[in-house]
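Comments concern the structure below.
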Amino acid sequence: MRPVSVGKSLTAATTTTLYTVPTGYYAKCVLLHASNNGGSNKHISFSWYDASATLTIPITTEYTLSAKTTLAEIDVNQYIVLEEGDYITALSETGSTISVIATFEVQGAQRA
C-alpha cells in the first residue's frame, strides 16, 4: 500500500479530476476534505466515475459549504474502493474559492 495525497485549488464551475487510479492498481479513497476559502456560502459536489460500469455516481451533490469552513466528506470511518481507470471529481459553484485535499491508499491489483 502506498498512500497518495493530492491537493487542488478548484477552478469555479469546472469539473476537476482529483485522482485517477492507474492501470493495474486499485485505491481506497480514505479522505475527501474541502475548504471554502471565500467570504460567502458556496456549494461543492463530489463524484466517483466507475470505469468498469461507465457510470458516474454522485458522492455529494451541491453541499452548501459556509464561508471559511471545511467539510470532511470521507474520513477515518468511511472509504470508497476504486479500481483501475476509476476517478474522483470535484465541482464547485460559480464564484467560489474552494480547495480540496484527497488521500488514497494505492495498491497493485492481483491479476488472474
Side-chain angles (χ1 to χ4, degrees):
M1 186 269 309
R2 178 177 59 95
V4 175
S5 289
V6 294
K8 304 274 184 169
S9 292
L10 302 180
T11 300
T14 302
T15 300
T16 301
T17 299
L18 301 176
Y19 183 77
T20 302
V21 180
T23 301
Y25 292 85
Y26 65 92
K28 278 175 49 177
C29 177
V30 296
L31 174 71
L32 281 177
H33 178 91
S35 175
N36 181 355
N37 306 307
S40 60
N41 298 351
K42 295 292 181 180
H43 62 68
I44 186 165
S45 299
F46 290 104
S47 294
W48 162 33
Y49 178 74
D50 181 350
S52 65
T54 60
L55 180 65
T56 299
I57 301 159
I59 299 168
T60 298
T61 303
E62 295 187 0
Y63 178 87
T64 300
L65 195 52
S66 299
K68 308 291 185 186
T69 63
T70 61
L71 164 69
E73 184 57 26
I74 295 177
D75 61 17
V76 69
N77 297 313
Q78 309 166 355
Y79 62 88
I80 299 170
V81 177
L82 301 107
E83 297 176 340
E84 61 184 33
D86 290 3
Y87 54 86
I88 299 288
T89 61
L91 173 65
S92 62
E93 184 177 354
T94 300
S96 64
T97 53
I98 294 178
S99 57
V100 173
I101 298 170
T103 300
F104 302 86
E105 294 176 354
V106 182
Q107 197 159 7
Q110 301 298 318
R111 294 183 179 246

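Values reported hereafter were calculated over all heavy atoms of this structure, with side chains retained and with hydrogens, waters and symmetry mates removed.
- Between atom CD1 of residue I44 and atom CG of residue L91 there is a gap of 8.0 Å, rounded to the nearest 0.5 Å.
- Atom CD of Q107 is separated from atom OH of Y25 by 10.5 Å, given to the nearest 0.5 angstrom.
- At distances below 3.5 Å, not a single donor-acceptor pair connects side-chain atoms of N36 with backbone N or O atoms of I98.
- Taking hydrophobic clusters as Ile, Leu, Val, Met, Phe, Trp and Tyr residues chained together by side-chain heavy-atom distances below 4.5 Å, I80 does not share a cluster with M1.
- No continuous path of hydrophobic side-chain contacts links F46 to Y87 [ILVMFWY only; heavy atoms under 4.5 Å].
- Note on Y63 and I101: separate hydrophobic clusters, where clusters join Ile, Leu, Val, Met, Phe, Trp and Tyr whose side-chain heavy atoms are under 4.5 Å apart, directly or indirectly.
- In Q78, the CD atom is crowded: over 12 heavy atoms of neighbouring residues, nucleotides or ligands sit closer than 6.0 Å.
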Worksheet item: T60 and S45: side chain to side chain contact (heavy atoms under 4.5 Å, CB included), yes or no, with the steps?
Response: CA-CA 5 Å; T60 298; S45 299; 5.7 Å; no

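- Listed by chain and residue number, S92 satisfy the side chain to side chain donor-acceptor pair (under 3.5 Å) test with S96 (two or more places apart in sequence, or in another chain).
- Among D75, L82, V81, the single residue meeting the side chain to side chain contact (heavy atoms under 4.5 Å, CB included) criterion with Y79 is V81.
- Note that the OG1 atom of T61 and the NE2 atom of H43 stand 10.5 Å from one another [nearest 0.5 Å].
- Under the rule for a side chain to side chain donor-acceptor pair (under 3.5 Å), the partners of S5 that lie at least two apart in sequence or sit in another chain are T103.
- The backbone N or O of S99 sits nowhere less than 3.5 Å from a side-chain atom of K8 that would complete a donor-acceptor pair.
- In the hydrophobic cluster analysis, where Ile, Leu, Val, Met, Phe, Trp and Tyr join through side-chain heavy atoms closer than 4.5 angstrom, F104 is grouped together with V21.
- Between the side chain of S47 and the main chain of T89, no donor-acceptor pair closer than 3.5 Å is present.
- There is a path of hydrophobic side-chain contacts, each under 4.5 Å, that joins I59 to Y19.
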